[in-house]
Amino acid sequence: MNPEVNFTLKDIFKELPAYPKFRKGIRRAPKREFNLSLEETSLALKNALRYVPKDWHEVLAPEFLDELLSKGRIYGYRFRPTYKIKGLPIDQYKGNIIEGKAFQVMIDNNLDLDIALYPYELVTYGETGRVMQNWMQYHLVKKYLEEMNDTQTLVMMSGHPMGLFSAPKNAPRVVITNGLMIGLFDDIDNWSRAAQLGVANYGQMTAGGWMYIGPQGIVHGTYSTLLNAGRSKLNIPDNEDLAGKLFVTSGLGGMSGAQGKAVEISGGVGIIAEVDESRIQSRYNQGWVSFIANSPKEAFDKASEYLIKKEPIAIAYNGNIVDILEYSIDHQIYIDLLSDQTSCHAAYDGGYCPVGLSFEDRTNLLKTNKEEFKKLVDIGLTRHYEAIKKITKKGTYFFDYGNSFMKAIFDAGVVEICKNKKNDLDGFIWPSYVEDIMGPLLFDFGYGPFRWVCLSGKDEDLDKTDLAAMESIDKDRRFQDLDNYNWIRDAKKNKLVVGTKARILYQDAYGRLKIALKFNEMVRNKEVGPIMLGRDHHDAGGTDSPFRETANIKDGSNIMADMATHIAFGNASRGMSLVSLHNGGGVGIGKAINGGYGMVLDGSPLRDEILKTAMLFDVMGGVSRRAWARNENALETSKQYNELDNNSHITIPYLTDELYIKNLVNSKYKKGGN
Ligand SMILES: NC(=O)c1ccc[n+]([C@@H]2O[C@H](COP(=O)([O-])OP(=O)(O)OC[C@H]3O[C@@H](n4cnc5c(N)ncnc54)[C@H](O)[C@@H]3O)[C@@H](O)[C@H]2O)c1
C-alpha cells in the first residue's frame with residue numbers, strides 16, 4: 001500500500017468545508033423515526049464523529065446532533081458535494097484500475113440529482129433504499145475506489161467502508177452487505193434503532209448494491225407481467241397485446257414510475273394514481289405518462305376515449321389511489337387489471353399516503369405525530385382493501401406487485417386477507433404477481449433482469465450492444481423469447497434511458513452468458529468501451545423473499561435464506577467484480593435476503609473464464625432450488641441444464657402421487673404423533 005496515501009476526511013478535505021446550500025425543488029426525505037434514549041443518542045453522535053478529526057468536533061457535533069433530532073438520521077450534510085453528482089463517462093474518473101473507476105460511475109448515477117428519490121439523503125428509490133448512510137462514507141468510498149489496485153477488495157458494511165484488504169486478482173474488488181441482522185433482532189424496531197445509531201443501511205438492492213439504472217430496470221419486468229397477466233387472465237393470445245384493456249394502479253416513484261411506460265409499450269390503457277405532484281411532473285416531462293388528470297372523472301373519461309380507439313395511453317391521476325378506486329365502484333366502471341405500487345414495505349415511514357391526507361399533510365404529520373400517522377395509514381389500507389374486494393368480485397384481476405401491499409394490509413389489522421384467516425404463513429387471498437405470473441412463466445425458466453451499462457457514456461455503444469443482444473436471441477424458441485426480442489428491438493425507440501447509457505433485457509441463464517461473452521469480445525475488439533453487467537433482485541436466483549421473488553416456492557423452504565446466501569458466495573468465489581447481499585429488498589426488513597453482482601467487462605480472457613461459470617451459477621443456483629421445490633418449469637429447465645453442462649449436475653426430486661400421500665396421511669395422522 002502506498003504509504004503516501006491517507007484515507008481520512010482530513011486528507012480529502014484539508015479543512016472543514018463550508019456548509020453547502022440546499023437547492024429548492026430537490027425532493028427531501030421526510031423525518032425518520034427518532035426514539036433513541038439519552039445514552040443511545042450520545043452513542044449515535046460518537047459513531048458519526050468517528051469519520052472526522054477531533055478538531056472539527058466542536059463544529060460538527062452540534063450539527064450532527066441537530067440532524068439526528070430533526071431528521072432521525074445523521075447524513076453529514078456538510079460533506080455533501082457541491083458539484084452536480086452524475087454518472088460520468090468512465091474516463092473522467094480517477095483510479096488505478098478499471099473497476100475502481102467503474103464503480104464510481106455506478107455510485108454517482110445512483111445519487112444523480114435528477115434520478116435519485118431523495119438525493120441529499122442518499123436515497124435512490126423505494127422511499128428508504130440508500131446508497132450509503134452518510135456523505136462521509138461517500139468520500140471515503142470514492143477515495144478507496146480511486147486508490148484500489150487489482151489485488152485488493154473493498155469491504156462495505158451497511159454503507160461503511162471497512163477498508164481495503166489483500167485479495168487474489170480474480171476475487172471481487174468490492175463486497176457489500178447492507179442491513180444483515182442477527183435473526184433474534186431481525187425486525188423493524190431493532191433495525192430502526194441500528195439505523196439511528198448509524199450502523200445499519202437499508203440498501204434495497206440496486207441502491208446499496210450500486211446497480212440502479214433508473215426505472216427502465218423495472219419497465220421490462222412490468223411489461224412482461226402485464227402482457228402475461230393479459231394472456232393468462234384475460235385470454236389474450238400470445239401474439240397480441242393489451243389493446244382495449246384498462247390497468248389501474250398507483251405510484252409514480254423510483255420504481256413504480258415504470259408502470260406508465262410499461263402499460264403503453266404493452267398497448268393498454270393505464271391510470272396511475274400518485275399523491276406527489278412533483279413525481280407526476282417528472283414522469284410527464286420524461287414522457288413516461290402522457291396525460292395528467294386532476295379528478296377521477298377526468299382520468300376515466302380520457303381512459304374510455306383510448307379504450308374505445310384501442311390505443312395505448314398512460315394517465316397520471318393526481319390523487320390518492322383509494323379515491324379513484326371508490327369512484328370506479330360508485331360509477332360502475334370496469335377495470336381489467338388492478339395493482340398497487342406504493343411503498344408499502346415502508347408504509348409507516350411515509351411509503352403509503354393515507355386517503356384524506358394531501359402529500360404535504362402526510363409529510364407534516366410524519367414529522368409532528370407519527371402515532372396519528374400510523375393510525376391513518378391503517379385506516380387508509382383497510383379502505384383500500386375493502387375497495388379491491390368489491391372490484392375483484394366483478395371479475396377484475398388484482399395482483400400484489402411486490403411492494404408488501406397485502407402484508408401491510410395484514411399489519412394494519414385486516415386478518416381476513418390471510419389465506420388461513422389467522423396469520424401470513426400460508427400467504428394471502430390474492431396472488432402475488434410472482435406466484436401467478438412471473439414465477440411460473442419467467443423465473444422457473446431462469447428468465448430475469450439481466451442489464452448492462454456502457455461505461456463510455458456513448459450512445460453509439462448502447463446502440464451496438466442493443467443490436468448484438470437482439471441478434472443473440474432466438475425469437476422463435478418460446479413466447480418469452482419473442483417478448484424479449486421485441487423489447488430490445490424497440491428499446492431505443494421507447495426512450496428508456498435515464499442516467500447512464502444502460503439497458504435491461506430479461507434473459508435466461510444461457511441467454512445471459514451468450515450476450516455477456518459477446519460483449520466482452522466487443523470490448524476486446526475495441527468496438528465499444530468497457531461494460532458493466534449486473535441485475536436486480538427481481539430474478540430467478542439471488543433473492544429469498546417469500547412475499548415476492550420466491551412466492552411460488554411451496555415446499556416450505558420459502559422462509560429460508562440459504563439460496564440467496566449461496567448465490568452470493570458463488571458469485572464471489574467465481575470472481576464477479578462486485579458481490580452484494582442485503583436484508584429487505586423491495587419488501588422490508590426481515591422479509592427478504594437478496595443479493596446481486598456487478599461484473600466489469602474489460603475484454604480480457606480472464607473475464608471470459610469467470611463469466612462461463614459465474615453467469616450460469618447465478619441463475620441456475622436459483623432455478624435448481626425452484627426445481628427442488630417441484631416447480632414444473634424449473635424441473636424441465638434443470639433437466640435440460642444437466643444435459644447441456646457436462647461439468648454440473650442439479651439434483652432432481654422424485655415426485656409423489658398426491659392422492660396416495662393425502663389418503664395415507666389422512667388415515668394414519670394423529671396430532672403430536674403416536
Ligand atoms: N415489483 C417489482 O419488481 C418491484 C421492484 C421495485 C420495487 N418494488 C416495490 O414497489 C414499491 C414502490 O417502489 P418505488 O421505488 O416506486 O417507491 P417510491 O416510494 O419511489 O414510489 C411510491 C410512490 O407511491 C406514492 N404513493 C404513496 N401512497 C400513495 C397513495 N395512497 N396513493 C397514490 N400514490 C401514493 C408515493 O407518493 C410515491 O411516489 C416499493 O415497495 C418497492 O419495494 C417492486
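These figures come from a predicted structure and were not determined experimentally. Ligands are counted one by one from 1 in listed order, and the atoms in each one are counted from 1 as well.
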Fill in: Distance under 6.0 Å and angle within 45° of ring axis: Arg130 vs Tyr125
no

Discussion item. Below 3.5 Å, N or O to N or O, backbone or side chain included: is there any such pair between Cys353 and ligand 1?
Written reply: yes

Worksheet item: Out of curiosity, is His384 lining ligand 1, as in a heavy atom under 4.0 Å away?
Response: no

Practice prompt. Consider ligand 1: state whether an atom of it lies below 4.0 angstrom from any non-hydrogen atom of Tyr433.
Written response: yes

Worksheet item: Just distances here: any N/O of Gly257 and N/O of ligand 1 closer than 3.5 Å?
Response: no

Item to complete: Answer with yes or no whether Gly221 contacts ligand 1, where contact means a heavy atom under 4.0 Å from a ligand atom.
Response: no

Worksheet item: Should the pair Tyr401 and Phe399 be assigned to parallel (<30°), tilted (30 to 60°) or perpendicular (>60°) ring geometry?
Response: perpendicular

Practice prompt. Report yes if some N/O of Gly251 lies less than 3.5 Å from some N/O of ligand 1; otherwise report no.
Written response: no

Discussion item. Side chains of Ser192 and Gln196 only: does a donor on one sit below 3.5 Å from an acceptor on the other?
Written reply: yes

Practice prompt. Could you tell me whether ligand 1 has any atom less than 4.0 Å away from a heavy atom of Gly319?
Written response: yes

Worksheet entry | Lys/Arg cation over aromatic Tyr120: Arg80, 6.0 Å, 45° cone | yes

Worksheet item: Is the NZ or CZ atom of Lys591 positioned over Phe547's six-membered ring, under 6.0 angstrom from the centre and within 45° of the axis?
Response: no

